[in-house]
Amino acid sequence: MTALAPTPALLLARTEISRRLARRRALLLAAPVALLLYLTTIFFSFDLPGIAARMRPENAAVLLGDFWSFKTHVTLDRRRPGLEVAIEGEAKGRYAPGQFPDWVQDGAEPRIALPDGSRITYVAQGALIERAGFGLIRVNREGRRIAVTLPEGAARPDWLSASATRVDLRGPWWRFSMTPARTETLRYEPGWELFFFDLQSPFHGKSAAELAALALWQPRLEPERSNLAAMAADIWQNRMWRHGDVVWALGETVLMAFLGTFGAALIAFPLAFLAASNFAPGRLIRLGLRRIFDLFRGIDGLIWTVILSRAFGPGPLTGALAILLTDTGTFGKTFSEALENIDEKQREGIAATGADAVAQARFGVVPQVAPVILSQVLYYLESNTRSATVIGALVGGGIGLLLTQAIQTQKDWEEVSYYIVLIIVMVMAMDSLSAWLRARFIKG
Amino acid sequence: MLELRHLTRDFAGRCAVDNVSLRFDRPGFVGIIGRSGAGKSTLLRMINRLTDVSAGEILFQGRNVATLRGAEKRAWQSRCAMVFQQFNLVPRRDVASNVLHGLLGRRPVLAAIFDLWSEAEITRALAILDRLGIADQAAKRAEALSGGQQQRVAIARALMQDPAIILADEPIASLDPMNAQIVMDTLKRIQTEDGRMVIANLHTLDTARRYCDRVIGMRDGRVVFDGRPDQLSTGIAREIYGADASFNEAATSTAIPADARADADYASAMLGA
Amino acid sequence: MLELRHLTRDFAGRCAVDNVSLRFDRPGFVGIIGRSGAGKSTLLRMINRLTDVSAGEILFQGRNVATLRGAEKRAWQSRCAMVFQQFNLVPRRDVASNVLHGLLGRRPVLAAIFDLWSEAEITRALAILDRLGIADQAAKRAEALSGGQQQRVAIARALMQDPAIILADEPIASLDPMNAQIVMDTLKRIQTEDGRMVIANLHTLDTARRYCDRVIGMRDGRVVFDGRPDQLSTGIAREIYGADASFNEAATSTAIPADARADADYASAMLGA
Amino acid sequence: EGLTQFNIGLLGGENAQDRLNSNECLRKYAEDTLGVPVKLFAPADYDGVVQGLLGGTIDMAWLGASAYAKVYLTDPKAVDVALVKTNLDGSFTYHSIGIARKDSGIAKLEDAKGKVFGFGDPNSTSGYLIPSVEIPKTHPAITRADLADGASGYFKTVKFTGGHEQTIVAVVNGDIDAGVTWADGQGNWEDGYNSGALRKAVDAGLVNMNDLVEIWKSKPIPEGPVVLRHALPEEVKAKMVELVKGLHARDKDCAYGVAAGDTAGFAPITADFYDIIVETRRATQGN
Amino acid sequence: MSAAALSPTAEYLALVRRRRVYGGLLLVLFIVLMASGWRTADARNAGGFLDGIAHILDFPIEILSEAARDWRNLPGYLRQYLPSLIETLNIAAVSTLLGGLIAAVLAVLSARALAPLPWLVVPIRRGMDVMRAMPEIVIALVLIFLLGGGPVPAMIAITLHTAGALGKLFSEVAENADLKPVEGLASVGAGWLARIWFAVAPQVAPNWSSYALLRFEINIRASAILGFVGAGGIGYDLRTTLQWGQGRYDQVVAIFALLFLTIVLVDHLSDRARARLVQGGHAA
Ligand SMILES: Nc1ncnc2c1ncn2[C@@H]1O[C@H](COP(=O)(O)OP(=O)(O)OP(=O)(O)O)[C@@H](O)[C@H]1O
Ligand SMILES: Nc1ncnc2c1ncn2[C@@H]1O[C@H](COP(=O)(O)OP(=O)(O)OP(=O)(O)O)[C@@H](O)[C@H]1O
Ligand SMILES: [Mg+2]
Ligand SMILES: [Mg+2]
């Protein structure tokens, strides 16, 4: 058998195979090593250790907690009369006096019950905090000075921060702070309070069963409209969450994406013929157009927004035009590539019947490129919905504006999470829509 | 009715068709045979004006159509239909629409763009399809049809042009023998029944013998034979196809030689894999 | 050495293999024949454990391998090589690597990923390729080879496993007659020279007659014949292949019938178009 | 050319929808006054409104002083200064405040030497313009060049955080060691003063003023002006000035919303009041 | 005409009429949507389209004329902003790499025929949908507040989005992979990882790397834009200079030129590389 005495050819093959395997092995080892090296340099040049050191988990926890919880402020301001109880401390979430939630006991010395069993009493000279499992903490105010008295023998805990003019206490699901002018307790609760009905709505605070009963058979609360209509209107006009405005904003975002994408497709389509080597009337026109497409594509929509806002001012038109310009560049390029890849036989078949150039394009070219173009356009429709979110923020419209502003003001994190959910739902909906349209018009 | 005078076509110095003069006086079935590269396709494409003429004249009813431009050129093209080896249909459109494309040479642009055909035109297209036995496929996409059916759609498109001449460039080279026969029979029937003129490039001698009234043999861009099919002796065939050793009658026949079959089998097995 | 006891496999209620019991006591060339859907592939795949067993036992040297899991199952698979109709090679890797893949069942995965094969292993892989006459192709990508060569690579991979049993599922169904013969000869040679056991599904009676020591006929998941090839009378064949009118000896032969050829031609013409 | 529409631009800083809502009353009054449709626009950053005024698509806006200077420097004829918001005590100034973390050991600006220093938005008056000019005057050791974006002379580096809110968070998080933001300078430090970015952050529960110290405070800065586009018909300008001036008397709640806090109303003011700011900005322009 | 043909003709005529009605309706619907959409957008905009179009070049001209005046500064600025550009490129590269690695894992885990744990397929797919739908800028903005400015929030944001976007494309490719080699390796007793590595990876590699390259291109843009909202890199410089306005337009132009040239260059190179990758895959 040859295996006993390897032929020269076999030896040659063996060295060749060994060499190849060695090369592959070297590559396989080198690639992860190079990757690791690169990531390590980046690790230090992006200062990740520094960030890790500076990151404050409790701050993150506050913010992230706000994503899915809300807080109620119980405030005693020495410059204003009376106790104020307000959701998120906002005027639109303020409880009317005498209608405070049951954990706040109004009176000369208001008492607040907290989720962990702690209790806080606002007294004339300051406040008494009965902290569960710790004992009574007195906070006394004398003029501009604030003093804290801990229970006998207790060490100062790390959840308490005090200076001569300010005391701050953190508990599970609550916070307390006092300055010479203000005494305030924040009580956190999970959920998005007032999501459906705000405090002004007669439907606030009702259980699902009660609401169903009201909607279906109970007498009208307002004579001029049915309870169901009133509920819908109250939800739509909710002052805290502004569902109506949010829906308009979503609509405006989709509008910008729609107009930008399809407008760009309509403009790019004829131009693509002039930029495709097999249709272009001249080399110069073709190259010129290609560079223009590059320029339009290379400038992101966001930058177009800045450039256009001088001429058109803020508003959805500016956003739509910004998307249109970028996508004209993108489509111009991809459409002309599609045109360059057509099957010439079809066009020749049409040309041989004596059809003119327009008819040749219409019947010999368009049917071939239509599926490619349509699927491109629909793909971009989805991706532009995402861009329109961001562009909207700059041009003062759409859900993106609501989102960035909510982030910037830093307090409405539950709204931030609401908007994020809506954006994700919106983009996923556009994705499904474009997938459906693709399936319907391209395969069918 | 059609006369070619000193027709010549250069491709970057290479002469594809070299000073060809031919007269076609009355309708008939003319076959052009020759080796690959002999200039058969170029000749037909020049007549239809898909390829420009380098020199010479194409006289149709006494008028030189080789120099027409624009609308006049298109008018000529619409009178002189072309059938291609690869059918050159629009695969994503339905069969009837492909047939209606035959009218494009005579259509105002706008009506054409919106694809608006009159009922009479559609009825005529379907009548033509019916004549070729594929009316029941009218609503299908062209790409859904078999090769033989597609070629018949291409012929229907040609007929829709109501042409004085039908040029067919190797119409059966992509078809299996059974479909090849159907297509050739169709062309022949059209030629005899309507009294149209058909000029077809053919790649096998026996097809030429079976269908043609007149056979033209080309070699290296020149006409080397022009006569009745029964004058095609083996010697003449050798002259047309060149004296290269591999030539034999069988190689130009539609019958499939044994080893080619094995190859085809193998190819289809691979592709199916 | 191998015994199947009441082996059964259900696919969603349909019984693909139905209570099959067979003993293979000594090495030999066993052919399994039967109509499409008879359960031949399912039987082989169960032995290799590519398909799970619904009921019954597969005893190899007295041990039931039908219930093994994880590493033990893989150890069994590495002793029982499989050759597929479509070769199932990794087309983008070279031939030698494909052969070395036969060792994957015994290798820690990381060593395999980094292609840490010893010189001795590479030498052995090349020796096997040499034995099958395709050592000169060792450095080519598998996909660049012809079907017959690829099947020989697949056999080389099987040999690399140094298997007790080689299972071959219609190893020549995708090959042209000439390559089919080479592959069958190879399998036969391996079986006789090495004294290995080969169980092959075959789709034609004459191949079974020519190569097998023992033929098993299956129908509807059950064994309906088990004997020497010379016992395969036309009557028995009819029983195996069913009494349907279309059955005849020719339909199960490797010779290609005329109309099938035309189809294949047609298919390749279409695909090439 | 008749007026067919009147556009009011609103600067950022508050929840967009809240901004639109608190100015809704002004929109209605303006519509009644002018008899043409009035629209509100609330782009996310200063520049949107500035570009709108320059391009002639925004007719009225309440600008920051520096943003006004930018408009003026780009096109002196673009807008007319009309009114300014007054505080409860009648003043119309505020301060730029330098802050640092108490535990960082920085108690005054000099301590921040060799540390990371942050400004807010480059178009912001208190967040950049005023400190970049005033600090070199009061602290000769610090030059203007030391306060340029990315400079690394006196400070380790100088950054723009993008806005007042971001500056505060960045200081609290330690991303920057010190930074500047704004406050009205009235009330108490521990509350974050009576109004301004610090107060908002405190109210949001984001910072504990015990953790911060004031390291620097600017001289009083004039509140930004309410401006009207110069090209508007005189009569329209007069009407709008009248409307905004009388807003506090007419509808206190509305004035509160429009002024984004307690106010004694809007008072007339002239352009020369902002000359200093304009000059300051012009001086920084050559960089 | 034969009687039999009547029926196909009538049928086809009916089909044509039906098609014209649907086509016409669709066209009208589209035109109405476009027209009313543009009108709505125009009406809700501060400045109208017709008034604005005449001034469309005002701002670019303002920028360019200043840059033309101070053209001598440009080379200096180009050098000055190069590090920012490199940071932007690094953000894009790292997030493409990390996102691509995550995507590769997710893709294999969520391709039905390859998944080792079939019950994970649907949750992973939904998860990728969510990652894909989330605009990078949203994640970045939130992270900037948690981690402060700089490249890291942008990197994480783009990585997440990339993982989702590439994951979907990758798993589509993996789903279409030929399973015969996988089965071949299964029959020799190869484990799951070996099967994926030897039988699937070579098949998907060309398309995967082509998609990853395309993503890299997209991510350069994304990382430049995230700089615009405060996440480091050259976008941040672009925003501060652009917002400052007059006096810094020469810097704007310099940054712009850098960014634009980079994008066009990368775009061009990756176009060619991708063409080769995919072609190589097919031709081989
Ligand atoms: N567009 C073209 N550009 C350059 N040369 C061409 C072109 N078309 C044809 N030729 C050349 O002209 C010569 C004649 O080609 P033609 O296609 O007419 O031959 P044919 O007889 O139809 O051959 P076949 O049987 O292969 O179709 C060939 O040498 C060919 O290479
Ligand atoms: N994975 C599967 N799922 C469901 N049914 C299957 C599966 N595999 C095989 N079957 C069914 O089991 C029966 C036996 O199939 P098997 O492939 O074993 O037949 P075969 O004899 O190999 O046929 P062929 O000659 O077509 O390969 C068939 O009815 C087939 O449809
Ligand atoms: Mg030809
Ligand atoms: Mg089988």
Side-chain angles (χ1 to χ4, degrees), chain C residues 44-45 47-51 68 70-94 97-115 140-144 150 153-154 157-158 160-163 166-169, chain E residues 100-101 104-105 107-109 111-119 170 172-212 273-284:
Chain C
L44 289 201
R45 294 171 62 89
I47 298 176
N48 180 272
R49 300 292 317 278
L50 281 174
T51 296
L68 300 179
E72 279 190 319
K73 171 180 152 193
R74 293 211 302 279
W76 159 243
Q77 287 179 314
S78 75
R79 302 230 45 205
C80 139
M82 187 104 185
V83 173
F84 299 85
Q85 173 177 351
Q86 300 288 349
F87 333 134
N88 295 20
L89 301 174
V90 180
R92 292 174 60 89
R93 297 210 68 195
D94 63 44
S97 298
N98 267 292
V99 176
L100 287 164
H101 287 168
L103 297 173
L104 284 176
R106 298 170 190 152
R107 267 311 169 84
V109 67
L110 265 178
I113 281 179
F114 285 103
D115 269 330
K140 281 199 194 151
R141 281 194 182 187
E143 63 196 349
Q150 289 197 45
V153 176
R157 176 172 73 188
M160 197 72 196
Q161 293 181 244
D162 192 14
I166 295 179
L167 307 169
D169 189 6
Chain E
L101 288 177
V105 173
V108 174
L109 292 180
R112 260 179 230 100
L114 311 175
L117 304 168
W119 55 270
F170 281 9
E172 266 165 20
V173 174
E175 292 254 291
N176 290 331
D178 182 5
L179 291 177
K180 290 198 300 288
V182 181
E183 193 170 56
L185 294 192
S187 78
V188 311
W192 180 80
L193 195 56
R195 291 202 295 269
I196 297 295
W197 182 258
F198 288 106
V200 180
Q203 294 188 56
V204 297
N207 278 317
W208 280 17
S209 28
S210 146
Y211 282 136
R274 276 185 295 133
R276 267 189 37 200
L277 270 173
V278 175
Q279 228 168 44
H282 288 322

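A, B, ... follow the sequence lines: proteins, then strands. Residue 1 opens every chain. Note that these values count all heavy atoms, side chains included, but never hydrogens, waters or copies made by symmetry.
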**Prompt:** Any luck finding a side-chain donor-acceptor pair between E:Arg274 and E:Ser210 under 3.5 Å?
**Reply:**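 There is no such pair (donor and acceptor under 3.5 Å, judged by atom type) between the side chains of E:Arg274 and E:Ser210.
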What residue in [options] has the most heavy-atom pairs under 4.5 Å with chain C?
{"options": "E:Ser187, E:Ala205, E:Pro181", "value": "E:Ser187"}
{"options": "E:Trp197, E:Phe198, E:Trp192", "value": "E:Phe198"}
{"options": "E:Ala199, E:Ala201, E:Ala186", "value": "E:Ala186"}

(Q) Out of C:Arg157, C:Met160, C:Lys73, C:Arg107, return the one with the most heavy atom pairs under 4.5 angstrom to chain E. (A)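 The residue among C:Arg157, C:Met160, C:Lys73, C:Arg107 with the greatest pair count is C:Arg157.
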Counting C-beta onward and ignoring hydrogens, is there a side-chain heavy-atom pair between [X] and [Y] closer than 4.5 Å?
{"X": "E:Leu193", "Y": "C:Ile113", "value": "yes"}
{"X": "C:Ile47", "Y": "C:Trp76", "value": "yes"}
{"X": "C:Met82", "Y": "C:Leu44", "value": "yes"}

Can you tell which part of C:Arg106 gets under 4.5 Å to a heavy atom of chain E, answering side chain, backbone, both or neither?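 Contact with chain E involves no heavy atom of C:Arg106 at all.
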Query raised in the report: Which bit of C:Arg49 comes within less than 4.5 Å of chain E, counting heavy atoms only: side chain, backbone, both or neither?
Result: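 Neither part; nothing is under 4.5 Å.
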dist C:Phe87:CZ -> C:Asn98:CG (nearest 0.5 Å) comes out at 12.5 Å
